[in-house]
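Beneath this line is the structure, given in structure tokens, with notes to follow.
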Amino acid sequence: MRAPHSPPGDPVVGNAIRFARAPLDYLDTIRDAYADGILHLSGMMGPGIYVVLDPTLVHRVLVDDHDRYRKPQIRPELVDPLVGEGLLTSEGDHWRRQRTTLQPAFFTSRLRGFDETIVDFTRATTATWTDGQEFDLYRELGVLTVRIIARLLLGVDLSRADAADVGEAMLAVGEGLAVSPGGVVRPPWLELPPPREYQQAIRELEDVTARVFAMHEPGGDDVLSLLQRAITDEPDAFPEDELRDQVMTMLLAGHETTALTLTYAFFLLSQYPETRTRLKSEVDEVVDGVPGWGDLAALDYTERVIHETLRVLPPVWAQFRQPLADARLGDYRIPEGAPLMLPQWAIHRSSRHWDAPLTFDPDRWDGRRPAEVPAYFPFGAGPRACIGRQLAIVESKLILATVLAEWDVEVLDDEVPRRAAITMQPTGPVSAVVRRR
Ligand code: HEM
């Protein structure tokens, strides 16, 4: 068996520190040279990080051998108060029960009825725009996707102010959870109290969650109603305080990734005007008035634009796992408990897997099913793949088509600086101008 590769590092603190100083840039420097293997980033403390760059080994961890791995507890002092034991973070039987209970809220039969809500909220947003107006596109889309997810998954109508609070809190949370040199060299047992801004963000999210509970009417088939029934039927299996964790999980996991996808799509479309023109032609051809479920199949180029955005600028830049016992992964030996990084950011952008990987070219998806491409996993893979992936695609397509039917959106900057937190967030405002078509 082979030991994972180890690129040159800092003589004292290893190479994890190089990664931690600029994670996405660092992954860009190693993604091609080590594309067929595993890389070990040694740190000053603990076992370091094992970066899995071979897509077949990623598949092994997430799909074939998924029961030999778990999600590591990264920064539990920050993550526990945020999403606790919700679907994103729970493990074992507890996770399985939650997933089975919540799955019906995401069935296609239910998604079919979502189109009107998505389109109505989008049109209510664009109705507030004026020709030539400039604003922070990420914040605007964040408010929209929070309100959509609250309506569709939690059955409540959140105000714009509440939705904006959720978006702001997410940026503070992202800053707190971003990969940093201090986080990498710190010994794993040292838990520092959350920074003040982070605690404040959690309090704001809890206030909004309390308003969700106050407004919610039980008895529907939204996530909250499904859980309330499970708590009544099986009180031992579903503790009541899990409700709060699950609402936080849905609000956060359900809105931010979609807002990022749309922000990055508009950014890339601004960089590639010919692609934007072609996309608008498709929307004009397919959509008669407002888009709906019946238009989705014909919005084929729109879907390719979304897939390609998720490849070039994946909102989830990496996933993490750890082996439950000493593991063999391909030819490599990984010690029990060592953190594994499975980086979409590096694998989606490696020239070993893609022609002209940094070129935004939706046509590369022509006649190609994303699920069959091993080097592409924006929603993860295996039993813990994203529960909201179908919803995310439907929602992104409908929002893009609704906006583009009447508006041109141009992101003004040639670069969107980003940080690697749980998601890949912009570090500042994403300035855009909207013009009526
Ligand atoms: C483009 C948008 C989205 C992207 C790129 C995305 C990405 C992902 C990824 C990569 C994972 C796997 C994490 C891991 O295994 O470590 C995941 C899980 C999850 N996602 Fe999404 N997601 C998106 C939209 C959504 C939406 C709309 C929801 C709605 C609630 C959602 C809810 C979740 C939940 C609850 C999990 C945990 C599932 C489990 O462990 O059983 N996501 N997502």
Side-chain angles (χ1 to χ4, degrees), residues 52 58-59 61-63 66 69-74 79 82-103 105-106 110-111 114 118 141-142 144-154 222-224 226-227 242 245-265 303 305-322 339-345 347-348 370 376-400 422-425:
V52 184
V58 169
H59 197 265
V61 172
L62 293 178
V63 185
H66 69 88
Y69 296 86
R70 58 162 288 153
K71 291 192 179 186
Q73 289 182 294
I74 300 174
V79 174
L82 186 65
V83 286
E85 284 279 296
L87 186 60
L88 201 58
T89 35
S90 58
E91 281 289 325
D93 287 345
H94 188 198
W95 164 77
R96 200 161 291 110
R97 272 198 302 272
Q98 292 184 1
R99 179 102 185 189
T100 316
T101 305
L102 299 186
Q103 197 71 56
F106 297 87
R110 196 161 181 266
L111 299 189
F114 284 179
I118 295 168
L141 292 169
L144 171 62
T145 55
V146 168
R147 297 184 80 202
I148 289 175
I149 228 62
R151 176 74 249 155
L152 296 180
L153 296 184
L154 305 172
D222 56 86
V223 162
L224 205 42
L226 291 174
L227 271 171
E242 193 180 297
D245 296 347
Q246 223 62 268
V247 170
M248 291 277 250
T249 300
M250 293 300 141
L251 269 182
L252 304 184
H255 97 270
E256 200 207 5
T257 41
T258 314
L260 289 168
T261 305
L262 290 162
T263 303
Y264 294 146
E303 181 152 331
V305 164
I306 303 289
H307 292 320
E308 183 66 348
T309 302
L310 291 170
R311 184 188 68 80
V312 185
L313 295 173
V316 174
W317 63 279
Q319 295 173 235
F320 293 86
R321 293 293 187 270
Q322 62 187 160
L340 289 178
M341 182 198 297
L342 318 172
Q344 279 89 347
W345 177 260
I347 294 174
H348 285 189
Y376 184 72
F377 57 113
F379 295 105
R384 294 212 68 156
C386 180
I387 198 169
R389 63 189 147 176
Q390 206 195 340
L391 168 58
I393 298 285
V394 167
E395 187 183 343
S396 304
K397 281 175 79 175
L398 286 174
I399 294 177
L400 215 48
I422 300 183
T423 55
M424 188 175 70
Q425 283 182 337

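Order of listing sets the numbers, starting from 1, for every ligand and every atom in it.
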Within 4.0 Å of some non-hydrogen atom of M250, the atoms of ligand 1 are 30 (C)

For residues V312 and H348, determine if any side-chain heavy atom of one lies less than 4.5 Å from a side-chain heavy atom of the other.
-> no

Indicate yes or no for a side-chain donor-acceptor contact from T145 to the backbone of G142 under 3.5 Å, with no hydrogens or angles considered.
-> yes

W95 to ligand 1: N or O pair under 3.5 Å?
-> yes

If you have a sec, work out which protein heavy atom is nearest atom 14 (C) of ligand 1 and how many Å separate them, to one decimal?
-> Q319 NE2, 3.0 Å

What do we get for E395 next to ligand 1 when only non-hydrogen atoms under 4.0 Å count, side chain, backbone, both or neither?
-> neither

Sub-3.5 Å donor-acceptor pair from the side chain of H94 to the main-chain atoms of S90, do we have one?
-> no

Can you tell me which residue and heavy atom of the protein come closest to atom 34 (C) of ligand 1, and the distance to 0.1 Å?
-> I387 CG2, 3.8 Å

Could you say whether the N/O atoms of R384 and ligand 1 ever approach to under 3.5 Å?
-> yes

Validation row: T261, E395 side chains within 4.5 angstrom (heavy atoms) | no

Can any side-chain N or O of R321 pair as donor or acceptor with the backbone N or O of K71 at less than 3.5 Å?
-> no

With a 4.0 Å heavy-atom cut-off (strictly under), which part of R99 contacts ligand 1: side chain, backbone, both or neither?
-> side chain

Is it the side chain, the backbone, both or neither of F377 that has a heavy atom closer than 4.0 Å to ligand 1?
-> neither

Going by the atom numbers of ligand 1, which of them fall below 4.0 Å from some non-hydrogen atom of P378?
-> 5 (C), 7 (C), 10 (C)

For ligand 1, indicate whether the residue L87 contacts it via side chain, backbone, both or neither (heavy-atom separation under 4.0 Å).
-> both

Please write down residue, atom name and distance for the protein heavy atom closest to atom 11 (C) of ligand 1.
-> F379 O, 3.9 Å

Numbered in order shown, the ligand 1 atoms found under 4.0 Å of a heavy atom of G254 are 26 (C), 27 (C), 28 (C), 29 (C), 30 (C)

Do E85 and Q98 have side-chain N/O donor and acceptor atoms under 3.5 Å apart?
-> no

L153 contact mode with ligand 1 (heavy-atom cut-off under 4.0 Å) = side chain

Nearest-contact summary for atom 37 (C) of ligand 1 - protein heavy atom, Å | L88 CD1, 3.3 Å

Side chain to side chain, I148 and I118, heavy atoms closer than 4.5 Å = yes

Counting distance only, does the side-chain N/O of Q344 pair as donor-acceptor with the main-chain N or O of F377 below 3.5 Å?
-> yes

Sidechain N-carboxylate O distance under 4.0 Å for E91, R384 = yes

Quick one: which ligand 1 atoms are inside 4.0 Å of a heavy atom on G380?
-> 10 (C)

What are the atoms of ligand 1, with element, lying closer than 4.0 Å to any heavy atom of A392?
-> 1 (C), 2 (C), 24 (C)

Do F114 and L398 have side chains that get closer than 4.5 Å, going by heavy atoms?
-> no

Protein contact of atom 24 (C) of ligand 1 - nearest heavy atom, named by residue and atom, plus distance | T257 OG1, 3.2 Å

Considering heavy atoms of the protein only, find what lies nearest to atom 32 (C) of ligand 1 and give residue, atom and distance to 0.1 Å.
-> A253 CB, 3.7 Å

Side chain, backbone, both or neither: which part of R321 has a heavy atom under 4.0 Å from ligand 1?
-> side chain

Flag the pair L152 / L391 as yes when at least one side-chain heavy-atom distance between them is below 4.5 Å, and no otherwise.
-> yes

If only atom types and distance count, is the side chain of T258 paired as donor or acceptor with the main-chain N or O of A392 below 3.5 Å?
-> no

Ligand 1 versus C386, non-hydrogen atoms closer than 4.0 Å: side chain, backbone, both, neither?
-> both

Can you list the ligand 1 atoms lying under 4.0 Å from a non-hydrogen atom of K71?
-> 14 (C), 15 (O), 16 (O), 40 (O)

Would you check the N or O atoms of T249, main chain and side chain alike, for any that come under 3.5 Å of an N or O of ligand 1?
-> no

Starting from atom 1 (C) of ligand 1, locate the nearest protein heavy atom and write down its residue, its atom name and how far away it is, to 0.1 Å.
-> T261 OG1, 3.2 Å

Within the side chain of Q246, is there an N or O that forms a donor-acceptor pair under 3.5 Å with the backbone of L87?
-> yes

Does Y376 use its side chain to pair, donor to acceptor, with the backbone of H307 at less than 3.5 Å?
-> yes

